[in-house]
> 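First, the structure itself, so that you have it in front of you.
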There are 2 protein chains.
Amino acid sequence: MSQAATAMDEWTERQKDVLDAVLDLLVTGGDAVTTAAIARKANCSKETLYKWFGDRDGLLAATVRWQASRVRAGNFDAQHLDASQLRESLEAFAVNWLSVISSRTSIALNRVGISHAGSGKSGLGRMVLANGRFAIGERLKPLLEAGRANGLLAFDDTETAFRTFFGLVGRDVQIRLLLGDRLETTEAEIARDAARATQQFFALYGAPQTQKPTREG
Amino acid sequence: MSQAATAMDEWTERQKDVLDAVLDLLVTGGDAVTTAAIARKANCSKETLYKWFGDRDGLLAATVRWQASRVRAGNFDAQHLDASQLRESLEAFAVNWLSVISSRTSIALNRVGISHAGSGKSGLGRMVLANGRFAIGERLKPLLEAGRANGLLAFDDTETAFRTFFGLVGRDVQIRLLLGDRLETTEAEIARDAARATQQFFALYGAPQTQKPTREG
DNA sequence: GAAATTATGTACCGTACGGTACGGTTCGGA
DNA sequence: TCCGAACCGTACCGTACGGTACATAATTTC
């Protein structure tokens, strides 16, 4: 939240327009994202770019944070959960996550982060990770723990349970998209996969009706 | 197999040495993988590089195929499976797959493929995908189907079952490593995660003892 | 053992791109 | 109306790198 707030008002409207231009260039992967191309697209001068963002990497980092600052979806209230509410919330999380990783924006930013991670400097990669995988984890864990507190789920380690859910939802989608596989991700497909993943998660971690034994030794 | 054979004898020993040098440079991510650096490392001239492999992309593609040609692990015999054999085979697959995606080589090659996929030309990405995700799929599916034929597993769609297994095994490991996350992947951790994933897979797709109803509507 | 083939290493070229400099323009304030 | 700050557009610089040319050495072939 505070991250989002700082990212939101850290830049002026004009600067946000520039960051949007960078995003646009990243998503439209056709041509290389050079500083000249950015300046052209944003109708600003390269000098201004460097004045505002330091260097090219600073500009890319700012773009990642800017995109992250608007992705935050509303959290879920974790009180008075019943089974169907929990299921719905998990399914909504799954739908949201699948939509995000299937979006051209996410694909482009992850590619940038991965490329940077391969070039020694791991700052961007870590940033993408923090706003992707780890952000979704921190948002989902409270829901899982609320489910456990209400006797709907049974697990020992929240992190392990979350990672299982993550795997059931994401499967091979992200790596295939990152590697350029044409993978149709229609809204209907996403909804179906989210429902399947949620069902499977309940099969693995759903608590028996009357008692609360722990799975996962 | 035929792929591996062609890749194996497509190049001379000297050329394989060059490809090994490329791999070495890719894995040691410190410095950029320039053609000059490759020539220096391989003690050959740039002109030879271009004569043998066409251009830089051809060299990288050859490297991917060369690495892929050596990774093929022995297949499993799918006849006369009992439950414990199936479990062991699945666990071995999981261990193998986790070891592969955790290896510096796999990380480096996937990064290259992803970077290329982001630059329009998707050839390398597709190649990495074919020798990674899809190769493991083609190797594992016969085992799953043999398990079903022997009444040990219950599923309708082999692809769906495989992708679930893939997700349970891989979870967030690959994306985290690709983005530069330091994620300790000791042999013991891998063995434990492989066992957990296999157990979860049986919980989802294991056939009931006496009958064979289908899961997954 | 000469001729031919092949490979090495170095030097070179063209270009793309990150980063900087600077003249011209807009705009807010006194 | 003038001043200064911010900014645009363009031109420019240095370097890194993909790709080529060439002269020299090694290896094969006859």
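Quick note on labels: first sequence line is chain A, next is B, and so on, each numbered from 1. For the numbers below, each heavy atom of this structure counts, side chains included, while hydrogens, waters and symmetry mates do not.
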> Atom pairs under 3.5 Å, N or O on each side, protein against nucleotides 8-12 of chain C: can you list them with distances?
residue : atom : partner : partner atom : Å
C:dT8   : OP1  : B:R14   : NE           : 3.3
C:dT8   : OP1  : B:R14   : NH2          : 2.8
C:dT8   : OP1  : B:N43   : O            : 3.3
C:dT8   : OP2  : B:T48   : OG1          : 3.2
C:dG9   : O6   : B:E47   : OE1          : 3.1

> Considering only residues two or more places apart or on different chains, which pairs with a residue in residues 112-131 of chain A satisfy salt bridge (charged side-chain N to carboxylate O under 4.0 Å, His left out)?
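Output for this query lists A:D57-A:K121.
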> For the pair made of CZ in A:R40 and C1' in D:dG9, what is the distance, rounded to whole Å?
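So the two atoms are 12 Å apart, to the nearest Å.
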> For residues 175-184 of chain A, run the donor-acceptor check on the side chains, cut-off 3.5 Å, and write out each pair with its distance to 0.1 Å, sequence neighbours left out.
residue : atom : partner : partner atom : Å
A:R176  : NE   : A:D181  : OD2          : 2.8
A:R176  : NH1  : A:D172  : OD2          : 3.1
A:R176  : NH2  : A:D181  : OD2          : 3.0

> Take the protein atom CG of A:L49 and the nucleotide atom P of C:dT20, then report the distance between them rounded to whole Å.
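Atom CG in A:L49 sits about 12 Å away from atom P in C:dT20.
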> Atom CZ of A:R56 to atom C1' of C:dG18: distance rounded to whole Å?
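Roughly 9 Å, once rounded to whole Å.
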> Specify the residues of residues 109-124 of chain A, ordered by number, for which at least one heavy atom lies under 4.0 angstrom from an atom of DNA chain C.
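Per residue number, the list is empty: none.
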> Any heavy-atom pair between the side chains of B:R56 and B:V33 that's under 4.5 Å?
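Side chain of B:V33 against side chain of B:R56, heavy atoms only: contact under 4.5 Å found.
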> B:L59 has an atom CG; how far is it from atom C1' of D:dG19, in whole Å?
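These atoms are roughly 13 Å apart.
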> Is the shortest side-chain N to carboxylate O distance from B:R70 to B:D20 below 4.0 Å?
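Yes, charged N to carboxylate O under 4.0 Å.
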> Given atom NZ of A:K51 and atom P of C:dA21, what is their separation to the nearest angstrom?
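Rounded to whole Å, this separation is 13 Å.
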> Mind checking what makes side chain to side chain contact (heavy atoms under 4.5 Å, CB included) contact with B:A37, not counting sequence neighbours?
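Side chain to side chain contact (heavy atoms under 4.5 Å, CB included) list for B:A37, sorted by chain: B:L25, B:T34, B:R40.
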> Taking atom types as modelled, find out whether A:S103 and A:S106 have a side-chain donor-acceptor pair closer than 3.5 angstrom.
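No, no side-chain donor-acceptor pair sits under 3.5 Å.
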> Given C:dG18, C:dC17, D:dG18, which nucleotide is nearest the side-chain atoms of B:Y50?
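Of all the options, the side chain of B:Y50 is nearest to D:dG18.
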> Any chance the side chains of A:E91 and A:T198 put a donor and an acceptor closer than 3.5 Å?
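Per modelled atom types, A:E91 and A:T198 side chains form no pair under 3.5 Å.
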> Tell me: CD1 of A:I38 to P of C:dG19, nearest whole Å?
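These atoms are roughly 11 Å apart.
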> Could you state the atom-to-atom distance from CZ of A:F53 to P of C:dG19 in whole Å?
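My rounded result for the distance is 14 Å.
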> If only atom types and distance count, is the side chain of A:N131 paired as donor or acceptor with the main-chain N or O of A:M127 below 3.5 Å?
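Judged by distance alone, yes, a pair lies under 3.5 Å.
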> Just to verify, what does B:F201 make a ring pair (Phe, Tyr, Trp, His ring centres under 6.0 Å) with, not counting sequence neighbours?
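B:F201: ring pair (Phe, Tyr, Trp, His ring centres under 6.0 Å) contacts with B:F165, B:Y205.
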> So which one's nearest nucleotide on DNA chain C is more toward 5', A:A32 or A:G54?
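Nearer the 5' end of the strand: A:A32.
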> C:dC17 P sits how many Å from A:L25 CG, rounded?
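For the pair A:L25 CG and C:dC17 P, the rounded distance is 12 Å.
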